> 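Before I ask anything, let me first share the structure, which is written out below as structure tokens.
Just so it is clear, the model here is predicted, and its values are computed rather than measured. Quick note on labels: first sequence line is chain A, next is B, and so on, each numbered from 1.
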2 protein chains.
Amino acid sequence: MARDARSTREQIIQAADALFYGEGIRSSSMDAIAAKASVTKRTIYYHFPSKDDLIAAYLAARDEPTFARQAAWLDETKGDLPAQVLGLFENLARAMNTPRWKGCGFIRAAAELAGTPAHPARKIASAHKKRFEAWLEDRIAATGLSEPALRARQVMLLLDGAAAQVLIHRDPAYALAAGQAAAALVTKTA
Amino acid sequence: MARDARSTREQIIQAADALFYGEGIRSSSMDAIAAKASVTKRTIYYHFPSKDDLIAAYLAARDEPTFARQAAWLDETKGDLPAQVLGLFENLARAMNTPRWKGCGFIRAAAELAGTPAHPARKIASAHKKRFEAWLEDRIAATGLSEPALRARQVMLLLDGAAAQVLIHRDPAYALAAGQAAAALVTKTA
DNA sequence: GTCTATAGCTTGATAGAC
DNA sequence: GTCTATCAAGCTATAGAC
């Protein structure tokens with residue numbers, strides 16, 4: 001008790017993350033989330049008006065850590081940009097190789113909510129992807145390559161393609177093939 | 001009445017397709033599918049032992065038409081292979097531009113069922129993607145390009161990346177950017 | 001092979017005490 | 001702000017008639 005509102009809220013979001021990401025959004029009940037967060041359902045509904053709001057809060061909370069992890073995967077790789085982009089995909093492939101990895105949470109949310117186009121979580125997913133695309137564009141532009149916006153977008157397409165195909169085939173080799181193509185996209189031609 | 005077993009079964013699958021693809025798998029109840037198919041739930045359970053079996057049958061029924069449509073999009077485009085690959089993505093972008101399009105049914109099923117790794121529908125999704133990848137490899141190999149398997153895989157990564165990103169952003173321009181990159185991947189270098 | 005009817009459980013959300 | 005208690009509706013699946 002005497003736990004302030006902020007930490008209760010975060011505890012609920014953390015429980016929602018474990019279940020929404022681990023089992024799927026529609027498969028996770030408010031009962032299960034309440035149990036995992038060690039609060040009652042009534043407390044969840046005090047902090048979030050509805051399950052849809054909790055879904056949106058879950059995705060919003062994933063934005064920053066996901067962005068930071070991927071940016072670090074690129075930044076911590078030594079070498080020029082093509083080498084760094086390859087490093088990003090190699091780190092991704094490594095992360096995919098654990099049983100805990102179950103796809104990109106943003107793609108999976110968009111997939112589950114495809115029948116509800118006006119869902120508040122959809123714009124959060126879109127903004128997250130656009131944010132990383134813009135970050136990549138800056139990195140590419142800094143090398144002096146032409147068409148940095150197009151190249152950044154194509155790297156993103158390979159990144160999400162890797163997430164989709166590894167989810168389907170359960171084979172991180174697809175991420176490495178994507179990394180090769182992505183590195184070539186940011187390589188200066190002679 | 002006097003409808004044979006085959007057509008009842010197909011009618012159920014057709015109703016399941018409309019709801020599973022349109023609203024999502026977990027969001028579609030057996031009640032709703034029965035109503036749409038104009039049969040009772042008991043009839044569905046006569047033809048399919050469980051909802052999971054119906055999900056697998058739904059995906060299996062999507063394999064051939066999806067494959068044929070995409071193959072036709074490439075075959076019906078005039079020109080060399082890079083032009084045909086670009087045509088494939090242009091046709092895809094056109095299809096995505098309708099309100100009925102709600103992503104790739106196979107990716108979405110894998111996303112919804114990510115929490116159930118042993119689900120029978122998962123291997124159907126994997127086989128479908130591998131089938132088109134192999135078909136692309138044949139087309140690429142026929143042009144004499146090196147590493148046809150790798151190039152086919154990379155085109156697939158861009159294809160699924162386009163499906164994922166257009167689902168998230170609702171902007172077919174992403175599919176065209178993917179098409180440019182895919183065409184470059186199957187272009188002979190000087 | 002298809003029906004009516006229902007079991008048995010889970011769902012998202014709410015009432016009202018403290 | 002968090003609790004106990006509960007609702008009405010929805011869910012997958014089954015029993016048994018014809």
> Can you tell me if the side-chain N/O atoms of A:T40 get under 4.0 Å from OP1 or OP2 in D:dC3?
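So the side chain of A:T40 is within the cut-off, an N or O lying under 4.0 Å from OP1 or OP2 of D:dC3.
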> Looking at A:R153 and A:E133, is there a salt bridge between them, counting it only when a charged N and a carboxylate O are closer than 4.0 Å?
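So A:E133 pairs with A:R153 through a salt bridge.
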> Can you confirm whether the side chains of B:R151 and B:S146 place a donor and an acceptor under 3.5 Å from each other?
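Their side chains do contain a donor-acceptor pair, which is all the 3.5 Å distance test asks for.
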> Heavy atoms within less than 4.0 Å of DNA chain C: which residues of residues 109-125 of chain A have one? Give them sorted by number.
none
> Would you say A:S50 reaches C:dG12's phosphate, i.e. side-chain N/O to OP1/OP2 under 4.0 Å?
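No.
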> Return each pair, listed once, that meets salt bridge (charged side-chain N to carboxylate O under 4.0 Å, His left out) where at least one residue sits in residues 154-164 of chain A; pairs must be two or more places apart or across chains.
A:K129-A:D160
> Looking only at side-chain N and O atoms, does A:Y45 come under 4.0 Å of OP1 or OP2 in C:dA13?
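Answer is yes, contact under 4.0 Å.
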> Output the distance between atom CZ (A:R42) and atom CE (A:M30), rounded to the nearest 0.5 Å.
11.0 Å
> How many whole angstroms separate atom CZ of A:F48 from atom C1' of D:dT2?
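Taking CZ of A:F48 and C1' of D:dT2, I get 15 Å after rounding.
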> Look at B:R139 together with B:D75 and state whether they make a salt bridge at an N to O cut-off of under 4.0 Å.
yes
> Name all residues meeting the side chain to side chain donor-acceptor pair (under 3.5 Å) criterion together with B:T40; count only those two or more places apart in sequence or in a different chain, and write none if there are none.
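Here the qualifying residues are B:T43.
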> Would you kindly give the CD1-to-P distance between A:I33 and C:dT11, to the nearest whole Å?
10 Å
> So, taking the atom named OG in A:S50 and the one named CD1 in A:I55, what distance separates them when rounded to the nearest 0.5 Å?
7.5 Å
> Excluding sequence neighbours, so at least two apart, what forms side chain to side chain donor-acceptor pair (under 3.5 Å) with A:K130?
B:Y174
> Roughly, in whole Å, what's the span from CG in A:D31 to C1' in D:dC11?
14 Å
> Tell me which residues in residues 18-30 of chain A put a heavy atom below 4.0 Å from DNA chain C, sorted by number, or none.
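Nucleic-acid contacts, sorted: A:S28, A:S29, A:M30.
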> What integer distance in Å separates A:K51:NZ from C:dT10:P?
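Distance, rounded to whole Å: 15 Å.
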> Measuring from the side chain of B:T43 (C-beta onward, heavy atoms only), which nucleotide among C:dC3, D:dT2, D:dA13 has the closest atom?
C:dC3
> Check whether any side-chain N or O of A:T8 sits under 4.0 Å from OP1 or OP2 of D:dG1, and answer yes or no.
no
> Is the A:H128 ring parallel, tilted or perpendicular to the A:F106 ring (thresholds 30°, 60°)?
parallel
> Rounding to a whole Å, what distance do you find between B:I44:CD1 and C:dT4:P?
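Checked: the CD1 to P distance equals 13 Å.
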> Starting at CG of B:L54 and ending at C1' of D:dA13, how long is that distance when rounded to a whole Å?
14 Å
> Considering only NZ, NE, NH1 and NH2 on the basic side and carboxylate oxygens on the acidic side, decide whether A:R69 and A:E64 come within less than 4.0 Å.
no
> Are any protein N/O atoms closer than 3.5 Å to N/O atoms in nucleotides 16-18 of chain D? If there are, list each pair with its distance.
residue, atom, partner, partner atom, Å
D:dG16, O6, B:R42, NE, 3.4

> Describe, in one word, how the ring planes of A:F20 and A:Y58 are oriented to each other, choosing from parallel (under 30°), tilted (30 to 60°) and perpendicular (over 60°).
perpendicular
> Specify the separation, in whole Å, of atom CG of A:D52 and atom C1' of C:dT11.
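One finds 14 Å between C1' of C:dT11 and CG of A:D52, rounded.
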> Considering only D:dT2, C:dT6, C:dG12, which nucleotide approaches the side chain of A:K41 most closely?
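When the side chain of A:K41 is considered, C:dG12 is the closest of D:dT2, C:dT6, C:dG12.
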> Could you state the atom-to-atom distance from NE2 of A:H47 to C1' of D:dC3 in whole Å?
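Spelled out: NE2 on A:H47 to C1' on D:dC3 is 12 Å.
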> Going hydrophobic residue to hydrophobic residue with side-chain gaps under 4.5 angstrom, can you get from A:L158 over to B:I168?
no
